[in-house]
There are 2 protein chains.
Amino acid sequence: MPNIYVALTHYPVVDKRGDIITSAITNLDLHDISRVVKTYGVNAFYVVTPLTDQQELIGKIISHWTNGYGAEYNPTRRNALEQIRVAETIADAGRDIAATEGVYPKLTVTSARHYPSSVGYEKYRSIIKTGNPHLLIFGTAWGLAESIINEANYILEPISGLTDYNHLSVRCAAGIILDRLMGTR
Amino acid sequence: MPNIYVALTHYPVVDKRGDIITSAITNLDLHDISRVVKTYGVNAFYVVTPLTDQQELIGKIISHWTNGYGAEYNPTRRNALEQIRVAETIADAGRDIAATEGVYPKLTVTSARHYPSSVGYEKYRSIIKTGNPHLLIFGTAWGLAESIINEANYILEPISGLTDYNHLSVRCAAGIILDRLMGTR
């Protein structure tokens, strides 16, 4: 069985001009990606932001659906959102995983760009079959900062359809990539 | 080449209790699914609602990103949203496609439930290879009304991951299904 963790990163990411920014939490990112994570049996979903007020906002969103009225109204959302863990940095998420697994996870980044070292899906499926922990990292805004991409153990190939348009939302990209890696057909 | 159209349906769909309702437009459904549609080379994206005020809202969202500031700020959103066509009913979308194609499309519904006649992805990939037009229909809220499912030519298998949790957002489901049908790996 693959042993996958997912991180959604709000810092360091780039804006339209390529400058490093901290992006804001998007409510539907948390809902959609936690449902994807639950569907494909991912171990946990780290939402990465260094901003305290944003961390508090994540807590409020989770709490709405895991306690009281929201949990009663829609238990399937509770089951999904319960898998969210807040982390200040990607390294913190990695250390949290290491505390459970006894080994630091391999870091795998996703990108809409092709790199010389990008790994295809079939090859990466065979790599994760070993059962070693992997943290699959998604960026928000205009994508992950180069510093994160340079430090990664693996870079996944961009998703390609039948056109050269590659501007999927991170919600859809996370769904498609997890399905490519762990979907049953 | 597959010859696919996509419809996102707001009526008739069911609520939590199974009653027929008209659901409200969700802004991010339009953005995310039009970007998926653009990525995989789908011909057009029909947003189906019989409510006039909701049709006007769709027009406003498209207009914001296809004219003026929005189009200039982010042309990739314009390219995606330009593919949206508003339809009052699924049958109207079908007639609109027939006007272009010279033949009424096959209607294919998606569902989180398995039906005795559900078709798997590999089989459906071979069916659409013929190039005949197909309208792939997604529901909002708690899914398409049974009347729509009963009238369809094909019912696609639900998406299965490594668990029995099957509560994906329609945004993610559309991405995953189009990738299964038309993605290149």
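We name chains A, B, ... by the order of the sequence lines, and we start the count at 1 in each one.
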Report summary line: When the 4.5 angstrom heavy-atom criterion is applied to A/Ile176 and chain B, the contacting part is both
Query raised in the report: More than 12 foreign heavy atoms under 6.0 Å from CZ of A/Phe138: is that the case here?
Result: yes
Query - Side chain, backbone, both or neither of B/Asp164 within contact of chain A (heavy atoms, under 4.5 Å) - result: neither
**Report entry** Between CZ on residue A/Arg35 and NE2 on residue B/His167, distance to nearest 0.5 Å
**Finding:** 8.5 Å
Query - A/Asp32, part contacting chain B, at a heavy-atom distance under 4.5 Å - result: both
Query raised in the report: For B/Tyr124 and B/Thr108, what are the C-alpha separation, side-chain angles and deciding distance, and is it a side-chain hydrogen bond (donor to acceptor under 3.5 Å, both in side chains)?
Result: CA-CA 10 Å; B/Tyr124 190 66; B/Thr108 301; 2.8 Å; yes
Report summary line: All heavy atoms of B/Tyr104 vs all of B/Ile90, minimum pair found to be OH-O, 4.4 Å
**Report entry** Pair B/Glu101-B/Asn3, side-chain hydrogen bond (donor to acceptor under 3.5 Å, both in side chains): steps then yes or no
**Finding:** CA-CA 10 Å; B/Glu101 299 282 348; B/Asn3 188 4; 3.1 Å; yes
Report task. Tell me, out of B/Ser34, B/Ser169, B/Gly41, B/Ala173, who's got the most heavy-atom pairs with chain A below 4.5 Å. Result -> B/Ser169
Requested in this report: Tell me, out of B/Glu157, B/His31, B/Lys16, B/Met1, who's got the most heavy-atom pairs with chain A below 4.5 Å.
Outcome: B/Lys16
Query raised in the report: chain A: which of B/Arg180, B/Glu122, B/Met182, B/Arg77 shares the most heavy-atom pairs with it under 4.5 Å?
Result: B/Arg180
Query - Largest heavy-atom contact set with chain B, pairs under 4.5 Å, which of A/Thr163, A/Val42, A/Asp179, A/Thr39 - result: A/Thr39
Query raised in the report: Do B/Asn79 and A/Tyr165 pass the side-chain hydrogen bond (donor to acceptor under 3.5 Å, both in side chains) test, and can you show the C-alpha distance, the side-chain angles, and the key distance before you say yes or no?
Result: CA-CA 9 Å; B/Asn79 297 341; A/Tyr165 183 88; over 6 Å; no
Query raised in the report: Could you walk me through whether A/Tyr154 and A/His134 pass the side-chain hydrogen bond (donor to acceptor under 3.5 Å, both in side chains) check?
Result: CA-CA 10 Å; A/Tyr154 301 101; A/His134 280 243; 5.2 Å; no
Query - Interchain contact, B/Tyr40 with chain A, by part (heavy-atom threshold 4.5 Å) - result: both
Requested in this report: Between chain B and each of A/Ile177, A/Leu178, A/Leu168, count heavy-atom pairs under 4.5 Å; write down the option with the most.
Outcome: A/Leu168
